[in-house]
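Input: a single structure, listed below in structure tokens.
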Amino acid sequence: MFNLMKQHGRTILYCAAAVLVLGIAFHIRSGLNTGFIQIAYAKARQSMSNMDVMAYTDTSAVKAFAARSKPKITYSYTKALPKSEINLNQMFSAVDADGTSVAVEITDILNSRGESILYQTEEERKQHIMQYNTDQFLFPSVGIYTINVKATDTEKKTVYGKYRLPVTSN
């Protein structure tokens, strides 16, 4: 017994002290609650039950934002010839729900096979690194091209559009 106390005495004392402290902490009584965990849970629940969630939001503003319509994109056809400069950005305009003009971004131009002619690789498309300027764009050949556009208003409402542009030789 003496050897046991000599080798493991400190550990036994720490364990006995821990059992006593935990016993006292979990046997605390507050009202109908007994134990530290029950008391802490009751205090947290009490402070949450008195909270009025509706006081923290402006429901009319949230409803107005949800009801706000997306911008409207307008496409104005301009005759396009192959290997002739054309300003694609002038063909598109957009207005938001308030009637304010919104910028329109050309996100891609696809040929009749569905291949991008604005980006050379998929990595460039992900990083939005365009190979050509859409203000002075040259279509390589005759065909029907699909122009993908995007308009975003100040409230972050976004609309996407796909428009077909025929490129003819005469």
Side-chain angles (χ1 to χ4, degrees), residues 30-33 35-170:
S30 173
L32 299 175
N33 299 319
F36 180 74
I37 294 175
Q38 285 184 353
I39 293 169
Y41 179 73
K43 293 282 186 192
R45 243 181 107 189
Q46 182 182 14
S47 64
M48 292 298 288
S49 64
N50 295 337
M51 188 181 344
D52 181 19
V53 179
M54 295 303 290
Y56 294 108
T57 60
D58 185 3
T59 54
S60 59
V62 172
K63 286 180 184 178
F65 176 77
R68 183 181 174 90
S69 63
K70 293 181 178 181
K72 303 248 187 292
I73 298 175
T74 306
Y75 169 56
S76 303
Y77 171 73
T78 303
K79 186 173 182 175
L81 301 171
K83 300 188 181 173
S84 174
E85 280 188 8
I86 186 170
N87 187 347
L88 295 175
N89 295 327
Q90 288 182 342
M91 297 173 114
F92 300 97
S93 62
V95 293
D96 64 4
D98 301 327
T100 308
S101 183
V102 176
V104 178
E105 175 189 353
I106 296 176
T107 57
D108 205 355
I109 301 171
L110 307 173
N111 61 16
S112 58
R113 295 183 303 273
E115 301 166 340
S116 176
I117 60 172
L118 195 56
Y119 303 103
Q120 288 183 350
T121 64
E122 189 63 33
E123 188 64 33
E124 289 176 352
R125 181 187 304 210
K126 289 178 183 176
Q127 296 178 0
H128 301 290
I129 302 172
M130 294 183 186
Q131 293 299 314
Y132 304 103
N133 183 1
T134 55
D135 288 335
Q136 302 167 346
F137 193 78
L138 297 171
F139 284 99
S141 61
V142 174
I144 297 177
Y145 294 88
T146 303
I147 302 172
N148 297 335
V149 296
K150 173 177 92 169
T152 304
D153 67 3
T154 56
E155 299 293 328
K156 304 294 184 215
K157 292 276 188 169
T158 303
V159 65
Y160 297 92
K162 289 185 177 190
Y163 299 92
R164 296 175 60 98
L165 175 66
V167 177
T168 58
S169 59
N170 53 7

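In this chain, residues are counted from 1 in sequence order.
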Out of curiosity, R164 CZ to I144 CD1, how far, rounded to the nearest 0.5 Å? 5.0 Å
Please identify which of these residues, Q127, R125, K126, meets the side-chain contact (heavy atoms from CB on, under 4.5 Å) condition with I129. Q127
When you compare the side chain of P140 with that of I117, does any pair of heavy atoms fall below 4.5 Å? yes
So which heavy atom on Y160 is nearest to which on K150, and how close? CE2-CD, 3.3 Å
Non-hydrogen atoms of P71 and A151 that approach each other most closely: CG-O, 4.0 Å
Do I106 and I147 have side-chain heavy atoms sitting under 4.5 Å apart? yes
Can you find a heavy atom in the side chain of F139 that is under 4.5 Å from one in the side chain of L88? yes
Set of salt bridge (Lys or Arg N to Asp or Glu O under 4.0 Å) partners for R68, sequence neighbours left out: D96, D98, D153
Quick check on the 6.0 Å ring-centre criterion: do Y163 and F92 meet it? yes
Rounded to the nearest 0.5 angstrom, the OG-NZ distance for S84 and K79 is 10.5 Å
Heavy atoms of T78 and I86 approach each other most closely as O-CD1, 4.1 Å
May I ask you to test the V159-V149 pair for a side-chain heavy-atom distance under 4.5 Å? no
E115 (side chain) donor-acceptor with N111 (main chain) under 3.5 angstrom: no
How far apart are the closest heavy atoms of V167 and P82, and which atoms are they? CG1-N, 3.5 Å
Just verifying a value: how many Å separate I109 CD1 and S116 OG, rounded to the nearest 0.5 Å? 8.0 Å
Roughly how far, to the nearest 0.5 Å, is CE of M130 from CG of D108? 8.0 Å
Parallel, tilted or perpendicular: which one describes the rings of Y132 and F137, with boundaries at 30° and 60°? perpendicular
Would you say the side chains of T107 and N148 form a donor-acceptor pair under 3.5 Å? no
For K157, does the NZ atom have more than 12 heavy-atom neighbours from other residues, nucleotides or ligands under 6.0 Å away? yes
L110 side, atom CG; L165 side, atom CG - distance, nearest 0.5 Å: 12.5 Å
